[in-house]
Amino acid sequence: MAEETTKVPIEKIRNIGISAHIDSGKTTLSERILFYTSKIHSIHEVKGKDQVGATMDFMELEREKGITIQSAATYCVWKGFNINLIDTPGHVDFTIEVERALRVLDGAVLVLCSVSGVQSQSITVDRQMKRYKVPRLCFVNKMDRAGANPFRGMQQLRDKLRHNAQLVMYPIGAEDQFKGVVDLVQMKAFYFDGENGEKIREEAIPDDIKAECDKFREDLVSAAAEFDDVVGEKYLSGEEISVDELRAAIRKGTLSLNLTPVFVGSAYKNKGVQLLLDGVTYYLPNPTEKENIALDQRNNEAEVVLKADSTLPFVGLAFKLEDGRYGQLTYMRVYQGQLNKGEFIVNSTNDKRVKVPRLVRMHANEMNDVESARAGDIVALFGVECSSGDTFTDGKIKYSMTSMFVPDAVISLAIQPKDKTGETNFSKALNRFTKEDPTFRVHRDDESNQTIISGMGELHLEIYCERMKREYNCEVVVGKPQVAYRETIQSKGEYNYTHKKQTGGSGQFGRVAGYIEPLPADAALQYEFVDEITGGVIPRNFIPAVDKGFKEAIKEGRLIGFPIVGVRCIVNDGAYHAVDSSEQAFKTAALMAFREAYERATPVVLEPIMKLEVSAPEEFQGSVMGQINQRRGVILNSATQDGYCVVESEVPLSEMFGYSTDIRSATQGKGEFTMEFMKYAPAPRNVQDELVKKYQEKKAKEAK
């Protein structure tokens with residue numbers, strides 16, 4: 001197989017990701033793709049009595065919970081095209097897996113459920129695709145389900161995600177009458193026969209839907225005409241447009257991110273997947289068509305456009321790490337040049353030279369050895385120590401590539417091993433997980449001497465605790481979840497502080513004066529330092545020390561001990577002493593001055609607000625809304641369709657613990673919810689007073 005893939009010209013390589021809202025059928029779709037490309041010889045389901053489980057969900061936990069936790073990479077060959085495929089998780093707690101996959105992919109398939117349409121996580125995934133400028137196709141899945149309506153899904157793509165979405169496939173029937181699809185480019189109907197839909201039958205379009213298909217083809221041609229002059233001219237003059245011309249125009253629109261071709265089908269019922277694979281080869285970019293930028297470290301970080309050319313110097317990005325049975329496995333995307341087994345490569349971050357002892361292509365958790373990889377390939381290396389997001393070169397050049405966006409953690413737990421014997425494995429597990437997952441953070445709380453883990457949500461941390469037990473045989477005791485509060489100020493606060501200390505020998509002296517004020521709510525920075533010193537009242541060499549003092553002060557607020565955000569510190573006056581002034585003196589003066597001003601600037605506690613989307617059968621709408629109100633939630637929107645209600649709201653994270661149990665009992669197990677971080681907002685006065693009281697009690701205890 002490895003030999004087969006090395007002969008493919010670069011124009012026939014596709015690096016694609018499959019992403020969507022949880023439960024839209026991504027893993028089922030990946031499973032079918034592997035089956036039709038003869039990568040696997042039997043189909044296994046994600047949930048149910050299937051003992052084997054889906055190929056791409058290879059972790060034991062993934063199979064038990066029926067969700068994807070880690071993105072899994074594989075590759076397959078379809079009609080002479082080499083497709084590198086990454087199946088990503090849909091759950092918002094594992095959002096980093098989607099971030100890093102999209103960072104290195106050239107194209108993507110956004111999967112929507114034909115019943116639910118665009119859901120909260122579809123919006124998040126779409127935002128991530130836009131961030132990395134990834135062209136995408138949309139696959140409206142689950143056409144066999146009751147209530148299936150692909151046209152609603154397409155309309156939501158336009159309304160909610162602002163896509164120029166156009167059908168390229170029209171469904172023949174829906175729900176239990178879903179029989180096949182019409183390809184609007186070729187204007188032919190396709191049916192999928194055989195036990196697993198592997199036999200494709202081509203026929204004329206049924207008469208009862210011919211008029212509808214003509215209408216949607218007209219829309220498609222009209223949209224594609226905007227991206228291609230040839231098609232545009234023929235369309236205006238009413239000439240016949242050939243299949244190849246139309247495909248070329250759709251491709252141009254897709255690559256420019258201004259057109260989203262929409263496919264329909266049912267992965268579970270084996271219908272429409274092969275035509276989606278054709279769509280990947282027709283409309284998604286090859287590695288030479290996506291612009292990738294690196295920064296030249298030897299030339300003031302000047303931007304360099306990388307070329308997918310195997311004769312140029314090697315550049316690769318390590319985008320994901322895994323600790324396997326044989327040591328660290330590093331997933332790498334090769335952007336330029338060639339990588340050979342046994343070669344030396346250089347890590348641009350720390351200039352370390354490392355040898356590539358083994359090079360493999362991944363198929364979920366199986367490995368196939370290869371001798372070399374070239375521009376456009378996604379491979380994995382063994383025995384190469386590095387961090388997620390490091391750039392590697394051949395040493396002739398020193399480029400670094402921008403890493404992926406890493407969101408801030410929103411929830412923390414105190415954690416410790418159940419018994420002393422597990423301590424070694426406990427620290428091994430934490431080291432490994434923090435290396436693998438940039439959103440999983442660990443720190444030691446000096447005051448309470450506890451180990452604190454932070455992450456993206458309850459499920460995120462729960463999975464890691466479970467993995468410690470299974471993979472490291474280390475049971476852990478978990479403390480009460482702690483919310484990542486912040487503090488800020490609401491008004492201006494002035495300061496004028498003199499730091500004086502006289503000891504034997506030279507003393508310490510520094511005076512700083514000025515004020516602090518809140519930053520605008522939409523400011524990108526959370527801290528800003530403004531130097532308005534004139535006339536040298538504080539010498540220039542001490543100004544950085546004042547900045548350092550302020551930075552030290554905002555690490556821990558005076559209300560509840562959490563970091564202070566959204567503050568601008570202005571220094572406009574001061575005094576110094578020719579002998580006694582020092583950096584340390586000014587740093588201390590700024591620290592104490594900030595504390596003085598903070599008390600006067602109306603400090604408040606900010607709490608993380610989550611965007612919550614709950615869907616449940618209509619009869620439970622009252623209890624769903626009641627629960628949200630009880631948890632200080634604000635309901636933004638409520639809609640019902642096909643017997644289901646979807647409630648969108650904003651709820652403080654501190655009120656959301658144990659919600660999964662409550663929603664299950666209130667909806668007889670039929671309710672589902674997704675939750676993601678939205679913003680920070682001031683906590684109500686009673687909540688703030690309670691938090692301040694607890695913090696002061698804790699401080700008083702420690703003082704004793």
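Hydrogens, waters and symmetry mates are skipped; everything else that's a heavy atom, side chains included, is used.
Looking only at distances, no side-chain donor or acceptor of T37 sits under 3.5 Å from a matching main-chain atom of W78. A donor-acceptor distance shorter than 3.5 angstrom exists from the side chain of T434 to the backbone of L430, with no hydrogens or angles considered. For the pair R14 (side chain) and T281 (backbone), a donor-acceptor distance under 3.5 Å is present. Of the possible polar contacts, one joining the Q336 side chain to the K307 backbone as a donor-acceptor pair under 3.5 Å is found. D228 contributes a side-chain N or O that, together with a main-chain N or O of V231, makes up a donor-acceptor pair within less than 3.5 Å. D309 places no side-chain N or O within donor-acceptor distance of the main-chain N or O of A375, the cut-off being under 3.5 Å. Checking side-chain atoms of T391 against main-chain N and O of M401 turns up a donor-acceptor pair under 3.5 Å. For R136 (side chain) and M129 (main-chain N/O), no donor-acceptor pair under 3.5 Å exists by modelled atom type.
Of all heavy-atom pairs spanning I397 and P313, the tightest one is CD1-CB, 3.7 Å. Nearest heavy-atom pair across Y235 and V221 is CD1-CG1, 3.6 Å. The two residues L105 and V134 make their nearest non-hydrogen contact at O-CG2, 4.3 Å. Listed here is the closest heavy atom pair of C386 and T330: SG-CG2, 3.7 Å. Between R251 and N286, the closest heavy-atom pair is NH2-N, 4.0 Å. A pairwise comparison of heavy atoms in P287 and D106 identifies CA-OD2, 3.6 Å as the closest pair.
The side-chain heavy atoms of I250 and V185, taken from C-beta on, include a pair separated by under 4.5 Å. With contacts defined as side-chain heavy-atom distances shorter than 4.5 Å, the pair H163/Q156 does not qualify. Inter-residue side-chain proximity for R247 and Q186 is flagged as met; some heavy-atom pair is nearer than 4.5 Å. Residues R217 and L246 have side chains in contact (heavy-atom distance under 4.5 Å, counting atoms from C-beta outward). Within the 4.5 Å cutoff, no side-chain heavy atoms of I33 are placed close to those of V280. Under the 4.5 Å side-chain criterion, counting only non-hydrogen atoms from C-beta, M154 is in contact with F216. Side-chain contact between F263 and L277: absent, with no pair of heavy atoms (C-beta onward) separated by less than 4.5 Å. Counting heavy atoms from C-beta outward, I293 and V305 have side chains that approach closer than 4.5 Å.
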Derivation and outcome, side-chain contact (heavy atoms from CB on, under 4.5 Å), residues V565 and Y680: CA-CA 10 Å; V565 295; Y680 274 102; over 6 Å; no

Derivation of the side-chain contact (heavy atoms from CB on, under 4.5 Å) call for F139 and I18: CA-CA 10 Å; F139 182 65; I18 294 187; over 6 Å; no

Can you check side-chain contact (heavy atoms from CB on, under 4.5 Å) on L157 and L112, steps first, answer last? CA-CA 10 Å; L157 274 173; L112 293 185; 3.9 Å; yes

Report the C-alpha separation of D369 and R358 in whole Å, then their side-chain angles, then the decisive distance to 0.1 Å, and conclude whether the salt bridge (Lys or Arg N to Asp or Glu O under 4.0 Å) test is met. CA-CA 7 Å; D369 280 275; R358 188 177 172 200; 3.0 Å; yes

Test log, rule side-chain contact (heavy atoms from CB on, under 4.5 Å), inputs M169 and D183: CA-CA 5 Å; M169 299 281 152; D183 181 343; 4.0 Å; yes

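Ring planes of Y464 and F440: tilted class, angle from 30 to 60°.
Heavy-atom contacts from other residues, nucleotides or ligands closer than 6.0 Å to NZ of K355 number 12 or fewer. Summarising the local packing, CG of N350 is surrounded by more than 12 heavy atoms from other residues, nucleotides or ligands at distances under 6.0 Å. Annotation for K398: atom NZ counts as buried by contact number, over 12 foreign heavy atoms lying within 6.0 Å. Within 6.0 Å of NZ in K352 there are 12 or fewer heavy atoms belonging to other residues, nucleotides or ligands. Within 6.0 Å of atom CG in D351, more than 12 heavy atoms from other residues, nucleotides or ligands are found, so the atom counts as buried in its surroundings.
R361 and Y75 share no side-chain donor-acceptor pair at under 3.5 Å. In this structure, a donor-acceptor pair under 3.5 Å is absent between the side chains of D244 and S242. No side-chain donor from either of N258 and N164 sits under 3.5 Å from a side-chain acceptor of the other.
Considering CG of L259 and NZ of K252, their distance stands at 13.0 Å, rounded to 0.5 Å. Rounding to the nearest 0.5 Å places CD1 of I16 at 8.0 Å from CG of L137. Between L359 atom CG and N340 atom CG the span is 8.0 Å, to the nearest 0.5 Å. Distance check, rounded to the nearest 0.5 Å: OG1 of T28 to CG of N141 gives 7.5 Å. To the nearest 0.5 angstrom, Y527 atom OH is 6.5 Å from F550 atom CZ. Atom CD of residue Q128 and atom CG of residue L110 lie 11.0 Å apart, to the nearest 0.5 angstrom.
For the side-chain contact (heavy atoms from CB on, under 4.5 Å) test with L339, the passing option among V356, D394, D377 is V356; the others fail.
Judged by the 6.0 Å distance and 45° axis criteria, R333 is not positioned over the aromatic ring of Y331.
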